[in-house]
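To keep things clear, I will list the structure first and then write my remarks on it.
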Amino acid sequence: MLMPKPVLISGVQPTGRLHVGNYLGALKNFVELQNSGKYSCYFFIADLHSLTEDFDPKEKPEQTLNLLADFLAAGLDPKKSVLFLQSRIPAHSELAWILNTITPIGELRRMTQYKEKLLARVPAIVEKGILQDGVDMREFENAGLFDYPVLMAADILLYDAKFVPVGEDQLQHLELTRTLARKFNAKFGKTFVEPQPLLTKTPRVMSLSNPEKKMSKSEPTGCLFIDEEDAEFQPKIMSAVTDSGSDVKYDPDKKPGVSNLLTIYAALKDIDIPEVEGRFKGKSYVEFKSDVCQAIHNEFVGIRMKKKELVSKREFLRQVLLEGSKKAAEIANKKIEEVKKRLGLTA
Ligand code: ADP
Ligand code: TRP
């Protein structure tokens with residue numbers, strides 16, 4: 001008998017343009033994993049998660065379809081993977097609620113991403129001091145931001161996913177997912193699979209303008225977006241923060257800027273860092289950066305063109321999400337029924 005393929009799942013929030021960190025940490029890997037044929041793949045647009053950020057409802061459909069266009073332009077294929085929209089499947093929210101009831105608040109408080117997002121949102125508060133008149137101002141943030149990792153756990157556990165390709169910043173959330181799966185299984189009987197993360201060689205691409213921080217949509221000046229025209233991204237690379245000295249050498253402590261560009265270049269060319277160092281021995285930063293620009297151009301020019309073509313086909317994009325969501329719902333609905341049975345929600 002043929003063994004079923006292990007399930008693999010990942011999601012991305014529709015919150016803005018994808019950058020090279022998203023691409024090298026996640027999307028490029030999604031495409032390779034899909035094409036390996038070894039997994040039953042699910043990739044989705046985490047629009048419920050995106051409600052935890054400031055947003056304009058008028059822009060949400062555009063952001064969602066744009067992200068799907070990115071997925072398809074990069075090589076995800078609805079014939080090979082199930083591509084779906086989180087909010088179309090109520091089971092995600094239902095399971096998140098159920099998992100909430102076994103999640104210790106202390107675990108959520110420890111989440112680095114939650115703490116970072118809180119601090120990023122309240123610079124004024126940080127400046128003035130977290131406490132004002134004895135009140136912790138962070139307490140005014142939305143509870144969804146706090147509860148974000150529980151919804152993420154639901155996304156994964158609903159599909160019995162064994163593997164979850166993500167960037168390094170999501171590891172803590174995955175650890176929580178594993179903890180919740182174990183806890184639920186121990187309390188109510190074996191229901192969930194404990195998932196494992198899959199990281200790329202570049203799980204943490206750094207910001208171009210501040211190479212000590214990760215490249216993130218929340219700091220667009222340090223981002224290199226995958227759909228940028230040459231004229232837009234070239235100046236960013238040429239003026240990316242590098243370091244004093246002139247050797248193109250990997251040394252993340254002393255040369256974080258150059259090391260970041262080396263990492264990006266190596267990942268785009270699919271070669272090792274020492275090979276890149278060898279290639280640029282005795283060459284200047286300017287020569288190196290010009291080659292980085294060329295590598296970026298080569299990688300993204302095709303994706304950019306495909307994306308342009310796809311974004312105008314909104315009906316087609318909607319149809320892809322609709323069909324994918326139907327397939328995903330079949331699996332998710334079965335699982336949520338199993339969960340409800342386990343909990344005695346059957347009267
Ligand atoms: P952002 O942090 O820019 O808002 P998302 O949270 O939408 O990005 O991340 C989507 C995917 O990209 C996740 O799997 C995340 O781990 C990965 N990712 C985000 N930033 C980076 C980065 N700088 N380097 C590597 N992977 C990243
Ligand atoms: N939290 C992820 C991010 O910020 C997005 C996400 C939501 C996700 N649900 C998921 C990733 C489930 C992997 C699996 O990028």
Side-chain angles (χ1 to χ4, degrees), residues 7-30 33 41-55 63-64 66-67 70-71 74 84-87 89 92-93 95-96 99 111-114 116-117 120-121 144-145 147-178 180-181 195-226 256 260 263-264 267 328 332:
V7 175
L8 176 150
I9 194 163
S10 197
V12 180
Q13 297 187 72
T15 44
R17 294 160 86 185
L18 289 187
H19 52 70
V20 170
N22 300 137
Y23 182 76
L24 294 178
L27 184 54
K28 185 169 190 255
N29 202 22
F30 297 176
L33 291 161
C41 292
Y42 292 77
F43 298 107
F44 67 96
I45 297 181
D47 56 346
L48 293 174
H49 276 105
S50 76
L51 303 183
T52 61
E53 310 272 326
D54 274 342
F55 70 100
Q63 286 179 315
T64 298
N66 249 320
L67 180 54
D70 282 319
F71 278 8
F84 70 95
L85 185 60
Q86 185 188 35
S87 65
I89 305 176
H92 287 245
S93 308
L95 183 58
L99 293 176
M111 294 291 144
T112 315
Q113 181 174 298
Y114 167 65
E116 280 177 2
K117 285 196 175 176
R121 288 209 203 167
L145 192 64
D147 204 31
Y148 180 109
V150 180
L151 178 58
M152 177 161 163
D155 298 336
I156 298 166
L157 298 180
L158 268 181
Y159 297 88
D160 289 335
K162 181 95 195 102
F163 298 106
V164 185
V166 278
E168 197 178 73
D169 59 341
Q170 298 301 316
L171 288 182
Q172 210 182 11
H173 295 163
L174 265 181
E175 207 38 65
L176 177 73
T177 306
R178 293 167 58 84
L180 295 182
Q196 293 164 23
L198 291 179
L199 293 183
T200 65
K201 280 192 205 156
T202 42
R204 191 173 162 84
V205 175
M206 308 309 274
S207 157
L208 295 180
S209 53
N210 182 359
E212 259 127 52
K213 280 176 61 183
K214 98 174 175 125
M215 187 178 284
S216 168
K217 288 178 217 154
S218 55
E219 201 242 322
T221 46
C223 286
L224 197 106
F225 298 105
I226 68 171
N260 190 35
T263 310
I264 293 173

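For the numbers below, each heavy atom of this structure counts, side chains included, while hydrogens, waters and symmetry mates do not. In listed order, ligands and their atoms are each counted from 1. This one's a predicted model, so the numbers in the text were calculated from it and none came from an experiment.
Listed by atom number, the atoms of ligand 2 under 4.0 Å from Ser10 heavy atoms are 11 (C), 13 (C), 14 (C). Under a 4.0 Å criterion applied to the non-hydrogen atoms of His49, ligand 2 contributes the atoms 7 (C), 9 (N). Shown in contact with Val164 at under 4.0 Å from a heavy atom are these atoms of ligand 2, numbered in order with element: 13 (C), 14 (C). For ligand 2 and Val166, the ligand atoms under 4.0 Å from any heavy atom of the residue are 11 (C), 13 (C). Listed by atom number, the atoms of ligand 2 under 4.0 Å from Gln13 heavy atoms are 4 (O).
For ligand 2, the polar-atom distance check finds an N/O of Tyr148 within less than 3.5 Å of one of the ligand's N/O atoms. Inclusion of Gln113 in the set of residues having an N or O under 3.5 Å from an N or O of ligand 2 is not warranted. An N or O contact shorter than 3.5 Å is missing between His173 and ligand 2 by distance.
Shown here for Met215 and His19, the closest heavy-atom pair between the two residues is O-CE1, 3.4 Å. In terms of heavy-atom proximity, Leu145 sits nearest to Thr52 at N-CG2, 3.7 Å. Shortest non-hydrogen contact noted between Pro165 and Ser10 is O-OG, 2.8 Å. In this structure, Ser207 and Glu219 approach most closely via the heavy-atom pair OG-OE1, 3.2 Å. When every heavy atom of Thr202 is checked against every heavy atom of Leu24, the shortest pair comes out as OG1-O, 3.2 Å. The minimum heavy-atom distance linking Gly167 with Leu199 is given by the pair C-CD2, 4.0 Å.
Residue contacts with ligand 2 for Phe43 are absent, since no atom lies close enough (heavy atoms, distance under 4.0 Å). At a heavy-atom cutoff of 4.0 Å, ligand 2 is contacted by no atom of Asp169, backbone or side chain.
Under the 6.0 Å cut-off for aromatic ring centres, Tyr159 and His92 qualify, their centroids lying closer than that.
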message: side-chain contact (heavy atoms from CB on, under 4.5 Å) for His49 and Asp155? Distances and angles first, verdict last.
response: CA-CA 10 Å; His49 276 105; Asp155 298 336; 3.0 Å; yes
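Judged purely by distance below 3.5 Å, without hydrogens or angles, the side chains of Thr15 and Glu53 never pair a donor atom with an acceptor atom. With no hydrogens or angles considered, no side-chain donor-acceptor pair links Gln13 and Gln63 at under 3.5 Å.
When only non-hydrogen protein atoms are considered, atom 8 (C) of ligand 2 lies nearest to Gly11 O, 3.6 Å. Asp155 OD2, 2.7 Å is the protein heavy atom nearest to atom 9 (N) of ligand 2. Nearest to atom 15 (O) of ligand 2 among the protein's heavy atoms is Gln170 NE2, 3.6 Å.
Scored by the salt bridge (charged side-chain N to carboxylate O under 4.0 Å, His left out) test, Lys162 finds no partners at all (sequence neighbours excluded).
Ring geometry, Phe71 versus Phe43: the interplanar angle exceeds 60°, so the pair is classed perpendicular (tilted spans 30 to 60°).
A distance limit of 4.0 angstrom between heavy atoms and ligand 1 selects the residues Val12, His19, Gly21, Asn22, Gly25, Ala26, Val166, Gly167, Asp169, Gln170, Thr202, Pro203, Arg204, Val205, Lys214, Met215, Ser216, Lys217.
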